[in-house]
Participant: 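The structure is given below, and queries will be raised subsequently.
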2 protein chains.
Amino acid sequence: MAPSRPTIKDVAARAGVSKSLVSLAMRAPDRVSPARLTSIRAAADALGYRPNAAARNLADRRSFTIGVLVQDLHNPISAEVIAGVQRQVRASGYHTMLVTGSADADLERGEIEKLLEFQVEGLIIIGHRMPAGARAAIDGECPTVIISRAEAGIMGLDSISNDDVSGARMAVNHLYDLGHRRIAHITGGSNQVALLRRTGYEAAMNSHGLTANIACYEGAFTDEGGYRGTHLALASPNEHSAIFVANDLAAVGALAAIAENGRRVPEDVSVIGYDGMALGALRSIGLTTIAQPLASMGADAADLLLQRIGDPSRPPGHVNLEPRLITRNTTSAVSR
Amino acid sequence: MAPSRPTIKDVAARAGVSKSLVSLAMRAPDRVSPARLTSIRAAADALGYRPNAAARNLADRRSFTIGVLVQDLHNPISAEVIAGVQRQVRASGYHTMLVTGSADADLERGEIEKLLEFQVEGLIIIGHRMPAGARAAIDGECPTVIISRAEAGIMGLDSISNDDVSGARMAVNHLYDLGHRRIAHITGGSNQVALLRRTGYEAAMNSHGLTANIACYEGAFTDEGGYRGTHLALASPNEHSAIFVANDLAAVGALAAIAENGRRVPEDVSVIGYDGMALGALRSIGLTTIAQPLASMGADAADLLLQRIGDPSRPPGHVNLEPRLITRNTTSAVSR
DNA sequence: GTGAAAGCGCTAACAC
DNA sequence: GTGTTAGCGCTTTCAC
């Protein structure tokens, strides 16, 4: 700030060469004579020179930065996806600028605007909602890939998702195989992902001839949502022996509701979640779940984006990864 | 990218005015005649003009950006601190650029370098380790505040922390008040924060005349660490009736170890953690803990940083917040 | 191999 | 009020 940082010019002066040679030395060391190179480097070190990204981006007309919008930083799965994104992005010589979304659509669109003003070369959006400001990106402004939003396809964006319908079926099938028939579903609300999971649940129930047993209780993708929905389920006369909860966070809430209700998991009622958040693996939770390959989804998103940046005319790609069942301690064979 | 974005010049041409008037119109609308203003705005809208942050930062010689380094994005408390930081930073008209640290010190220093190259006006570091690249920041390069690292003081940086020693005493006192005497401590490793919490534990035990009962078992700030440490504790002949675990994540691991050991919480052994992570409040966990005011720590850090940016000569400040006890379901009066 | 000069998009005096 | 003119720090032809 105050003692404004040394510039390429200062380095040049100190090394007794021209600005452009310093610039060259920084980017193509092999095209500069060894002697000058060392003296330039010495000067740079002595001065504590650090390139100014703003100036370089301006001259380059590119930023080597990709923007990441995380809608729900509080859901632990976000961290895992982010880690995957970062690893891959870094490996490609880019770096990430991460902003968080929020319930406030205006704020969220503002964040996206900022990212765009910073000339990010691409955008990765992690979350279930369609961000307000994403329209701009969609309008061909900036390559964008959406993680975990299945309807992205219809908007012409690249996307990475897991097959929610198929995953939900896996959940039901697992329960079915354990002998459960009265299987309830706690929903994740009215967003696309939640709807798909519900669809998978219903489809699986139907295909097992359990149409009459279909029972959905309204929840949300939060601890609280799972808790409330499960209380509803337990209060019904249906005597569910198993519950498929829309996501892991909600499933943890479900466990609490069940305990409060005086029943045991999995002896009295089995519970299966969805997502595969690391915390579900915590020994004191031991949640059976349908796990999304979170880190690779992040990495794949980065790959897809980088490809698209390389070739903007490339048609949008949709990677739909298969989730997998992880059996832990909250599901068991039906007891009666 | 390809169809390079419209610039201020394009807007000027379309509106039939000069570049500088457009620039003025964007920043001080009231100093431009209404007629021109509207026509400029119309032109900007029509063109889909968006200011180029790189150009502006270069000309302004400031970025209105503050960099945030999060060392452990996987610890859920990070998200809460980040939220606090973001809210406050945004409210001040700045925005944040967030990068994640990692075990790899070189990568971490690289991330800090990037932030610095981007001309961030300040740095907030969230985590327990002293990042390699922080030296540069310390050398007066860039105002920096450290969250959760008590030794920051000696390095001349601003810092926000909670009083770990005092918090640990609170934990022990709570247990003591419940009648516990054989209180074990699962440590968080050898970092400063863990050491302080251990110090507080020992001090409290001493002051209660329980010096002979002091028993520390080696753990870490992770689920796994708490799990292993607790198994050690339970295997000892000390018959601990209560355990103070170095942080919440580890405490959750402790719960698992205790369950595996065939004991109940809190009937057979009480457990108290530290941090106040939101997940500890999840009903199926209900962890008693010493809660740090995470969101306000983030907000305070942002405030401190902004102040320092405003007045770089300001002496470093250290805000040491008092944590508070949150009693939930994992502690109860000693039974025998 | 090296340097001079132009320009990236924007801001900020400074004149008109 | 409004336009002109210099840069901000860096990259990049293009001659030498």
Participant: Rounded to whole angstroms, how far apart are CZ on A/Arg62 and P on C/dG9?
Facilitator: 15 Å
Participant: Tell me what A/Arg36 touches on the nucleic acid: a base, only sugar-phosphate, or nothing, going by heavy atoms under 4.0 Å.
Facilitator: sugar-phosphate
Participant: Round to a whole Å and report the spacing from CD of A/Glu117 to C1' of C/dC10.
Facilitator: 12 Å
Participant: Answer with base, sugar-phosphate or nothing: what part of the nucleic acid does B/Thr7 contact at a heavy-atom distance below 4.0 Å?
Facilitator: sugar-phosphate
Participant: Within a 6.0 Å radius of atom CZ on B/Arg31, are there more than 12 heavy atoms belonging to other residues, nucleotides or ligands?
Facilitator: no
Participant: Looking at C/dA12, I'd like to know if its phosphate oxygens (OP1 or OP2) sit under 4.0 Å from a side-chain N or O belonging to B/Arg56.
Facilitator: no
Participant: What is the separation between atom CG on A/Asn57 and atom P on D/dC8, rounded to the nearest whole Å?
Facilitator: 19 Å
Participant: Can you tell me how far CD of A/Gln119 sits from CG of A/Asp60, rounded to the nearest 0.5 angstrom?
Facilitator: 12.0 Å
Participant: I'd like to check B/Leu98 versus B/Val70 (side-chain heavy atoms, cut-off strictly below 4.5 Å). Are they in contact?
Facilitator: yes
Participant: How are the rings of B/His95 and A/Phe118 set relative to one another: parallel (under 30°), tilted (30 to 60°) or perpendicular (over 60°)?
Facilitator: perpendicular
Participant: Check each residue of residues 11-18 of chain B for a non-hydrogen atom within less than 4.0 Å of any atom in DNA chain D, then write out the ones that pass by number, or none.
Facilitator: B/Val17, B/Ser18
Participant: Send over the distance from A/Leu47 CG to D/dG9 P, rounded to a whole Å.
Facilitator: 13 Å
Participant: Quick check for you: among C/dT11, D/dC10, C/dG9, whose closest atom lies nearest to any side-chain atom of B/Arg27?
Facilitator: C/dT11
Participant: Just call it for A/Leu21: base, sugar-phosphate, or nothing, with non-hydrogen atoms closer than 4.0 Å on any strand.
Facilitator: sugar-phosphate
Participant: To the nearest Å, give me how far apart CG (B/Asn52) and C1' (C/dC10) are.
Facilitator: 8 Å
Participant: Just the rounded figure in Å: distance from P of C/dG1 to CG of A/Asp30.
Facilitator: 10 Å
Participant: Of A/Ser33 and A/Lys19, whose closest DNA chain C nucleotide lies nearer the 5' terminus?
Facilitator: A/Ser33
Participant: Is B/Ser20 near enough to D/dT2 that one of its side-chain N or O atoms lies under 4.0 angstrom from OP1 or OP2?
Facilitator: no
Participant: Between A/Asp60 (CG) and D/dG9 (C1'), how many Å, whole number?
Facilitator: 12 Å
Participant: Is B/Lys114 paired with B/Glu117 through a side-chain N to carboxylate O contact shorter than 4.0 Å?
Facilitator: yes
Participant: When the distance from CZ of A/Arg31 to C1' of C/dG3 is rounded to whole Å, what number comes out?
Facilitator: 14 Å
Participant: Per the side-chain contact (heavy atoms from CB on, under 4.5 Å) rule, which among B/Asn320, B/Val145, B/Ile124, B/Ile146 passes with B/Ile160?
Facilitator: B/Val145
Participant: Is there a side-chain contact between A/Leu115 and A/Met97, using heavy atoms and a 4.5 Å cut-off?
Facilitator: yes
Participant: Looking at C/dG9, I'd like to know if its phosphate oxygens (OP1 or OP2) sit under 4.0 Å from a side-chain N or O belonging to A/Arg61.
Facilitator: no
Participant: State whether A/Ser23 places a side-chain N or O below 4.0 Å from either non-bridging phosphate oxygen (OP1 or OP2) of D/dT11.
Facilitator: yes
